[in-house]
Amino acid sequence: MEQLALRLKGLGDPTRLRVIRLLDHGELCVCDLMTALDMPQSTVSRHMSFLRNAGWVNSRRKGKWIYYSLAEPSDEIQSLVMQVLRQNLPDQPQARRDYSRLMDHLATKTAAECG
């Protein structure tokens, strides 16, 4: 029950739900998330730490940047919740705006920006 409560608490913030939607695109650098969310690095990193500790995301370091991806569900409940999120988050207006900003950013991003 403790782990389930922590997982669900991880989703209890609109910004973290926005991140889940963005990471459904695939692995992203914290700089990508900063641009898409229009938030400073410290705020994004705090939310990413919470999501990592709750078991929703994985991280890896490359140079000075950290890259994040969605974690594979570790149980049936997490898998079902992720399925519901994937079906419903793209329809949220804020999620659509974030995703549009992400696509614009990735279209113009140079390799030197992250890594």
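Because only heavy atoms are used, hydrogens play no part in the values below, and waters and symmetry mates are left out as well, while side chains stay in. Computed from a prediction, not measured in an experiment: that's the story for all the values here.
- Of all the heavy atoms in G55 and A71, the pair that sits closest is O-CB, 3.5 Å.
- For the atom pair C31 SG and I66 CD1, the distance stands at 11.5 Å (nearest 0.5 Å).
- Listed for the W56 side chain is a donor-acceptor partner under 3.5 Å among the backbone atoms of R7.
- Proximity of L28 to L102: side-chain heavy atoms (C-beta onward) are separated by under 4.5 Å at one or more points.
- Atom CG of residue L33 and atom CG of residue D38 lie 12.5 Å apart, to the nearest 0.5 angstrom.
- M34 and F50 are assigned to two separate hydrophobic clusters, defined by single-linkage of ILVMFWY side chains at heavy-atom distances under 4.5 Å.
- When the shell of 6.0 Å around CD of E76 is examined, it contains 12 or fewer heavy atoms from other residues, nucleotides or ligands.
- Stacking of R21 on the aromatic ring of Y99 is recorded, both the 6.0 Å distance cut-off and the 45° axial limit being met.
- Identified under the salt bridge (charged side-chain N to carboxylate O under 4.0 Å, His left out) test for residues 93-103, with sequence neighbours left out: R18-D98, D98-R101.
- To the nearest 0.5 angstrom, L22 atom CG is 11.0 Å from L17 atom CG.
- K109 NZ: more than 12 foreign heavy atoms inside a 6.0 Å radius.
- Side chain of Q78 to main chain of S74: a donor-acceptor pair is present (N/O by atom type, distance under 3.5 Å, no hydrogens or angles).
- There is no path of hydrophobic side-chain contacts, each under 4.5 Å, that joins L80 to L23.
- Applying the salt bridge (charged side-chain N to carboxylate O under 4.0 Å, His left out) test to residues at least two apart or on different chains, none of the pairs has a partner in residues 42-52.
- Here the CE atom belonging to M39 is positioned 12.0 Å from the OG atom belonging to S45, to the nearest 0.5 angstrom.
- Note that the CG atom of L70 and the CG atom of N58 stand 8.5 Å from one another [nearest 0.5 Å].
- L6 is not connected to Y68 by any chain of hydrophobic side-chain contacts under 4.5 Å among Ile, Leu, Val, Met, Phe, Trp and Tyr, and they are in different clusters.
- If you check the side chains of S69 and R60, you find no donor sitting under 3.5 Å from an acceptor.
- L37 is connected to V57 through a chain of hydrophobic side-chain contacts under 4.5 Å among Ile, Leu, Val, Met, Phe, Trp and Tyr, so both are in one cluster.
- Within the model, atoms CG of L106 and CE of M103 stand 5.0 Å from one another, a figure rounded to the nearest 0.5 Å.
- When the side chain to side chain donor-acceptor pair (under 3.5 Å) test is applied to R86, the partners found at least two apart in sequence or on another chain are D24.
- L11 is not listed as a side-chain neighbour of R16, based on a closest heavy-atom distance of 4.5 Å or more.
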